[in-house]
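For reference, the structure is listed below as structure tokens.
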Amino acid sequence: MSIAHGVKRLGVIGAGQMGLGIAFVSAVHAKVPVLLHDKSVAQIKSGLSLMDKLLSKDVSKGKITQEAAKEARDRVAVVDDLKKFRDVDMVVEAVSENLALKQAIFRSLSADLSPKTILATNTSSISITKIAASTIPEGKTASDPEGQASPSRVVGLHFFNPVPVMKLVELIAAVQTSKETLERARAFATACGKGAVFRNLNANGPMLTVQSCICAEVTSSQDVPGFVANALLMPFLNEGVATRDDIDKTFKLGMNHPMGPLQLVYLFTADFIGLDTCLAIQQTLYTGTGDSKYRPSVLLERMVDAQWLGKKSGKGFYDYPSE
Ligand SMILES: NC(=O)c1ccc[n+]([C@@H]2O[C@H](COP(=O)([O-])OP(=O)(O)OC[C@H]3O[C@@H](n4cnc5c(N)ncnc54)[C@H](O)[C@@H]3O)[C@@H](O)[C@H]2O)c1
């Protein structure tokens with residue numbers, strides 16, 4: 001029997017490309033009120049203006065009515081302080097890919113919010129188990145009842161970019177995640193119009209259940225660095241075996257991919273993900289596995305040094321002149 005997500009109000013932290021997208025699908029598809037927080041006022045402003053653009057595009061394409069678009073937009077409210085998340089049933093964190101930052105946020109959320117509030121992270125690569133452990137209350141151990149209860153409501157909910165378009169969400173269980181948390185998070189992802197790939201570290205050996213018909217089958221099943229998608233994708237980014245255009249052409253014409261890999265990988269993935277995020281993911285993968293295939297290339301490091309972050313900064317492997 002499927003379990004209801006029970007989310008009457010959602011908190012989203014980070015209004016970058018992912019947080020904004022998550023707020024969008026939550027308001028439009030799951031139809032839940034969303035409290036959106038970002039430390040940057042400029043980011044909130046540009047995020048909300050993007051949301052307005054997406055909604056009017058959907059209206060002009062006949063995907064939703066003007067009235068439904070207005071209702072969805074009215075569901076999103078900006079808050080300047082995480083203390084205002086007090087009555088949310090679930091939080092999705094989508095701040096920059098940085099372990100210490102995420103740990104600090106989860107520590108403070110777990111101290112301030114009801115123990116029933118689900119704490120989800122949209123991390124691309126960081127161990128959910130590590131993030132969950134940061135919610136153990138101060139002065140308690142992992143074996144105390146409070147030290148077990150708090151991490152059990154932490155879960156990985158990995159949306160793909162761009163969120164309003166991509167149909168997949170990876171649902172990742174930390175070792176501490178409770179079954180109820182997983183079921184509710186999965187129900188929420190489904191309500192956002194997504195299928196969720198369920199991966200569980202608690203099982204004896206690899207276990208996978210695919211929750212929805214729009215998911216591809218996935219074989220990995222653990223809270224491993226990079227989960228499924230980025231563990232497979234990131235090595236592509238380090239193989240500088242030819243020029244951008246030649247690699248593109250090889251995949252398009254030689255392997256019948258709909259797009260060349262540099263377009264596919266760099267344009268639709270790296271440039272779109274953000275090169276800073278890609279670098280952080282690769283560092284997590286390299287540190288977590290010790291496998292040299294994940295060692296970030298010097299070129300990627302230099303591009304990030306130069307603030308060439310991809311689409312979000314207007315320049316990456318390709319140029320993105322502002323509209
Ligand atoms: N970009 C992708 O394709 C993609 C896909 C899946 C998952 N993710 C993950 O989602 C998360 C966010 O990625 P993104 O691409 O949206 O990054 P982004 O750089 O577009 O946005 C990050 C946002 O977090 C905000 N932020 C940073 N510190 C904060 C704090 N202390 N409090 C509040 N807000 C803070 C920043 O102001 C920024 O708006 C990362 O963990 C990333 O790995 C990214």
Side-chain angles (χ1 to χ4, degrees), residues 5 7 9-27 30 32-40 43-44 47 76-136 150-161 163 169-174 176-178 181-182 184-186 188-189 192 194 196 223 225-227 229-230 273-274 276-277 280-281 284:
H5 58 69
V7 179
R9 189 182 298 273
L10 178 77
V12 175
I13 312 180
Q17 44 192 356
M18 295 309 292
L20 193 276
I22 293 163
F24 180 90
V25 295
S26 303
V32 298
V34 178
L35 299 184
L36 182 62
H37 171 79
D38 197 292
K39 65 168 189 185
S40 155
Q43 190 68 54
I44 288 275
V76 179
V78 172
V79 296
D80 56 3
D81 187 346
L82 287 183
K83 297 249 183 280
K84 296 188 179 150
F85 275 18
R86 218 168 289 116
D87 60 349
V88 301
D89 306 292
M90 177 170 170
V91 176
V92 182
E93 166 277 312
V95 303
S96 319
E97 187 73 344
N98 177 304
L99 173 63
L101 174 63
K102 288 179 193 288
Q103 283 174 320
I105 287 176
F106 275 72
R107 199 171 296 126
S108 99
L109 289 175
S110 65
D112 293 342
L113 305 185
S114 148
K116 289 202 155 82
T117 307
I118 293 180
L119 305 180
T121 173
N122 187 52
T123 178
S124 303
S125 60
I126 295 171
S127 159
I128 312 300
T129 301
K130 268 188 197 164
I131 296 175
S134 68
T135 70
I136 297 171
S150 194
S152 76
R153 37 66 179 266
V154 176
V155 65
L157 205 51
H158 182 216
F159 288 80
F160 286 71
N161 188 15
V163 183
V169 176
E170 280 183 320
L171 179 65
I172 306 116
Q176 308 97 321
T177 308
S178 72
T181 301
L182 272 176
R184 289 183 55 202
R186 180 177 52 212
F188 185 74
C192 289
K194 309 278 166 180
D223 178 20
F227 317 128
N230 285 305
I273 289 172
D276 52 340
T277 304
I281 294 170
T284 302

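All values reported here derive from a predicted model rather than from experimental measurement.
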> In Å and rounded to the nearest 0.5 Å, what is the CZ to CD1 distance from Phe106 to Ile128?
Replying inline: 8.0 Å

>> If I compare all heavy atoms of Val79 with all of Phe85, which pair ends up nearest, and what's the gap?
In response: CG2-CE1, 3.5 Å

> Excluding sequence neighbours, so at least two apart, what forms salt bridge (charged side-chain N to carboxylate O under 4.0 Å, His left out) with Arg9?
Replying inline: Asp87

> Would Leu119 and Val155 count as a side chain to side chain contact (heavy atoms under 4.5 Å, CB included) if you check the C-alpha gap in whole Å, the side-chain angles of each, and the deciding distance to 0.1 Å?
Replying inline: CA-CA 6 Å; Leu119 305 180; Val155 65; over 6 Å; no

> With sequence neighbours left out, what residues match Asp89 under salt bridge (charged side-chain N to carboxylate O under 4.0 Å, His left out)?
Replying inline: none

>> Tell me the closest heavy-atom pair linking Ser26 and Phe188, and the distance in Å.
In response: OG-CZ, 3.6 Å

> Can you tell me if Arg153 uses its side chain to pair, donor with acceptor, with the backbone of Ser150 under 3.5 Å?
Replying inline: yes

>> Could you walk me through whether Leu157 and Met90 satisfy the side chain to side chain contact (heavy atoms under 4.5 Å, CB included) test, starting with their C-alpha distance in whole Å, then the side-chain angles of each, then the deciding distance to 0.1 Å, before giving a yes or no?
In response: CA-CA 12 Å; Leu157 205 51; Met90 177 170 170; 3.4 Å; yes

> Applying salt bridge (charged side-chain N to carboxylate O under 4.0 Å, His left out), which residue pairs with at least one partner in residues 106-117 are found, sequence neighbours left out?
Replying inline: Lys83-Asp112

>> Distance check, rounded to the nearest 0.5 Å: Lys39 atom NZ versus Leu82 atom CG?
In response: 12.5 Å

>> Can you tell me how far apart CG (Asp38) and CD1 (Ile13) are? Round to the nearest 0.5 Å.
In response: 10.0 Å

> Which pairs count as salt bridge (charged side-chain N to carboxylate O under 4.0 Å, His left out) when at least one residue sits in residues 94-103, sequence neighbours excluded?
Replying inline: Glu93-Lys102, Glu97-Lys102

>> Test your reading of the model: is there a side-chain donor-acceptor pair from Asn122 to the backbone of Phe159, 3.5 Å cut-off?
In response: yes

> Nearest 0.5 Å, what's the NE2-CG distance between His158 and Asn230?
Replying inline: 5.0 Å

> Does Ala174 offer a backbone N or O that forms a donor-acceptor pair with the side chain of Thr129 under 3.5 Å?
Replying inline: no

> Measuring from Leu113:CG to Ser108:OG, what's the distance to the nearest 0.5 Å?
Replying inline: 8.0 Å

> For Ile281 and Ser124, which heavy atoms make the closest approach, and how far apart are they?
Replying inline: CD1-CB, 3.3 Å

> Which atoms form the tightest heavy-atom contact between Ser152 and Thr181, and what is the distance?
Replying inline: O-OG1, 2.8 Å

> Can you tell if the side chain of Phe24 reaches within under 4.5 Å of the side chain of Val76, non-hydrogen atoms only?
Replying inline: no

> What pairs with His37 under ring-ring contact (aromatic ring centres under 6.0 Å, His included), at least two apart in sequence or on another chain?
Replying inline: none

>> Set out, in order, the CA-CA distance, both residues' side-chain angles and the distance that settles side chain to side chain contact (heavy atoms under 4.5 Å, CB included) for Ser96 and Asp276, then state yes or no.
In response: CA-CA 9 Å; Ser96 319; Asp276 52 340; over 6 Å; no

> Where do Ala185 and Ile118 come nearest, in terms of heavy atoms and distance?
Replying inline: N-CD1, 4.3 Å

> Shortest non-hydrogen contact from Gln103 to Lys130?
Replying inline: NE2-O, 3.9 Å

>> Could you measure the distance from the CZ atom of Arg86 to the OG1 atom of Thr117? Nearest 0.5 Å is fine.
In response: 12.0 Å

> Listed by chain and number, what are the side-chain contact (heavy atoms from CB on, under 4.5 Å) partners of Pro151, not counting sequence neighbours?
Replying inline: Ala132, Thr135, Ile136, Gln176

